[in-house]
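A short worksheet on the structure shown next.
None of the values given here were measured: they were computed from a predicted structure. Note on naming: letters A, B, ... go to the chains in the order of the sequence lines (proteins, then strands), and numbering restarts at 1 for each one.
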Protein chains: 2
Amino acid sequence: MSRSARRAPATTPQAPSSGRPDPGEKRPDPGGGRTGVSRRGVRARLDILRAAGGLFAERGYRGAPLAAVAAEAGMTQPGLLHHFPSKEHLLMAVLAERDREARRRMRVVWDMGGRAALSALEDLVAHNAETRDLVQLFTVLAGESVSAEHPAHEFFTARYAQARERTRRVIERGQDRGEFRRDVDPAVVAALLLAVMDGLQIQWLLDEEVDMRAGFALLVDLLLRGLDETLSDADES
Amino acid sequence: MSRSARRAPATTPQAPSSGRPDPGEKRPDPGGGRTGVSRRGVRARLDILRAAGGLFAERGYRGAPLAAVAAEAGMTQPGLLHHFPSKEHLLMAVLAERDREARRRMRVVWDMGGRAALSALEDLVAHNAETRDLVQLFTVLAGESVSAEHPAHEFFTARYAQARERTRRVIERGQDRGEFRRDVDPAVVAALLLAVMDGLQIQWLLDEEVDMRAGFALLVDLLLRGLDETLSDADES
DNA sequence: GGGAAGACTGAGTGGACAGTAGGTTGTTGC
DNA sequence: GCAACAACCTACTGTCCACTCAGTCTTCCC
């Protein structure tokens, strides 16, 4: 009778790995046996995901009751649970959905390398400063999920590990091209870049006066100066 | 009959501003009327604050039931509520307590200026890497409290504002001494420094492999190079 | 247009949890 | 040692909330 006796909602963001069809993914052809999701259902799922994204961002996962999400989506709470078998499944679906959007934007950066990637990252930060909802969702949930038993803990652990890995490769590519000095650890630069983005987001969310763009631009400027291959003076005090 | 009809626990961290004596603050002399806190009570309060600090760090404020805190402190839940009239009061007391410790460490940095302060900050980061509990408490609660209606929202807003302001002055002092270039905004540098500390903490808490010290050292190195008064070449591409 | 599956609703259930009431035990100043 | 108050405890209340059940309405393929 324990709470976690039901089917676990899968730590990987893509799908709750249950027998149900992947939510939000419209099946192109139901085939023969009239099984799947109706057009109305697809719409309802999108409404729920949108509502959940907003409320989780505003109040956090634990602070947002399912009934509030359902009301925001224009239905009752059991109605919502028809589409997502549990609150945890809903959370993972929201993360998968929003993560897809975030990754699409990051791909622009990851596909480049060196200096170009850094200025693409600056553009991303500028874009983030316009989309408070998405930023707040990930910041609030990342903070909440530092606790080991939070349902999104493993999601964020994996997400950060991957982001660091890909960003590290971006820096390495810059080194390979001779744009950056080789005596700094690309992994450390990657962690630093991600840290600045997150840290500035927290401050910005708490106080809109904080200028994320200026802060990140300063870091990029410092990196471009400090990592410049041509200026490698060896002054180690 | 609303939940918030009871006495609000004060947004400033120092005291719940209620008629009760300031918790955790042993009254030096009860005077005449036999009013105050017994030696046993002082001990109990400290136990509760320690337990609450640990559990709030582990599970977050909303995720940690009062009964669990009480059990950890060796008493029942109503026993705990004898010392702290509500969970919210307890949270503010924990924050006040731990913040005092954190400020004491920051004072070393703030009392200095320029380069010396930056290396003092490095020491602080190194110290943080040894005290996971305190770091996790503030990281988890800061994330949770981004939501506007979180009880600690205003606490963290004020805390960050003050930290930025004091760090800004540290940078300004460096400029006044001629250690740093004057063409960078000290407020932006301050936000950047705090952002890196927070961002690295999140990554480190999710994955201990992340090297906070190396990340912060890199930033300081970049700052020392980039802000060096003597090397002010005016290459603005 | 009939029927089967999907998309719901209203009315619960059970458990977790913050806070209360009122009584009992411990401590301390006189 | 004895008031008086602090420091508890047991038992309870009210509420919130995730989730269930049993049924009704809607969609959509044939």
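- When the options Thr139(B), Asp133(B), Leu137(B) are evaluated for a side-chain contact (heavy atoms from CB on, under 4.5 Å) with Val135(B), the one that passes is Thr139(B).
- Atom CZ of Arg62(B) and atom P of dC17(C) are 15 Å apart (whole Å).
- Ring-centre distance between Tyr61(A) and His150(A): below the 6.0 Å cut-off.
- The interatomic distance linking Arg43(B) (CZ) with dT27(C) (C1') rounds to 17 Å, in whole Å.
- With rounding to the nearest 0.5 Å, the separation of CG in Leu206(A) from OH in Tyr160(B) is 6.5 Å.
- Between the CZ atom of Arg59(B) and the C1' atom of dC17(C) there is a distance of 13 Å, rounded to whole Å.
- The pair Arg168(B)-Glu165(B) counts as a salt bridge, with a side-chain nitrogen and a carboxylate oxygen less than 4.0 angstrom apart.
- When the C1' atom of dG6(C) is taken as reference, atom CG of Leu80(A) falls 16 Å away, rounded to whole Å.
- Within the structure, a side-chain polar atom (N or O) of His82(B) is placed less than 4.0 Å from OP1 or OP2 of dA7(D).
- Among the protein residues, Gly41(A) comes within range of the sugar-phosphate backbone only, with heavy atoms under 4.0 Å from sugar or phosphate atoms but none that close to a base.
- Protein atom CZ of Phe56(A) is 12 Å distant from nucleotide atom C1' of dA18(D), rounded to whole Å.
- In the set dC8(D), dA7(C), dC19(D), the nucleotide with an atom closest to the side chain of His83(B) is dC8(D).
- Here the nucleotide nearest the side chain of Ser38(A), chosen from dG6(C), dC8(D), dT26(D), is dG6(C).
- Phe84(B) is listed as a side-chain neighbour of Leu49(B), based on a closest heavy-atom distance under 4.5 Å.
- Atom CG of Leu81(B) is separated from atom C1' of dT20(C) by 9 Å (rounded to the nearest Å).
- Using a 4.0 Å heavy-atom cutoff across all strands shown, Pro78(A) reaches at least one base atom of the nucleic acid.
- For Met75(A), whose side chain is taken as the heavy atoms from C-beta onward, the closest listed nucleotide among dG19(C), dT9(C), dC19(D) is dT9(C).
- Side-chain nitrogen and oxygen atoms of Arg40(A) include none within less than 4.0 Å of the OP1 or OP2 phosphate oxygen of dG6(C).
- Whole-Å rounding puts the Asp47(A) CG to dA7(C) P distance at 13 Å.
- The distance between atom CG of Leu91(B) and atom P of dG19(C), rounded to the nearest whole Å, is 12 Å.
- For Arg39(B) and Tyr61(B), each mapped to the nucleotide of DNA chain C holding its nearest heavy atom, the one lying further toward the 5' end belongs to Tyr61(B).
- On a pure distance criterion of 3.5 Å, no polar donor-acceptor pair joins the side chain of Gln77(B) and the base of dC17(C).
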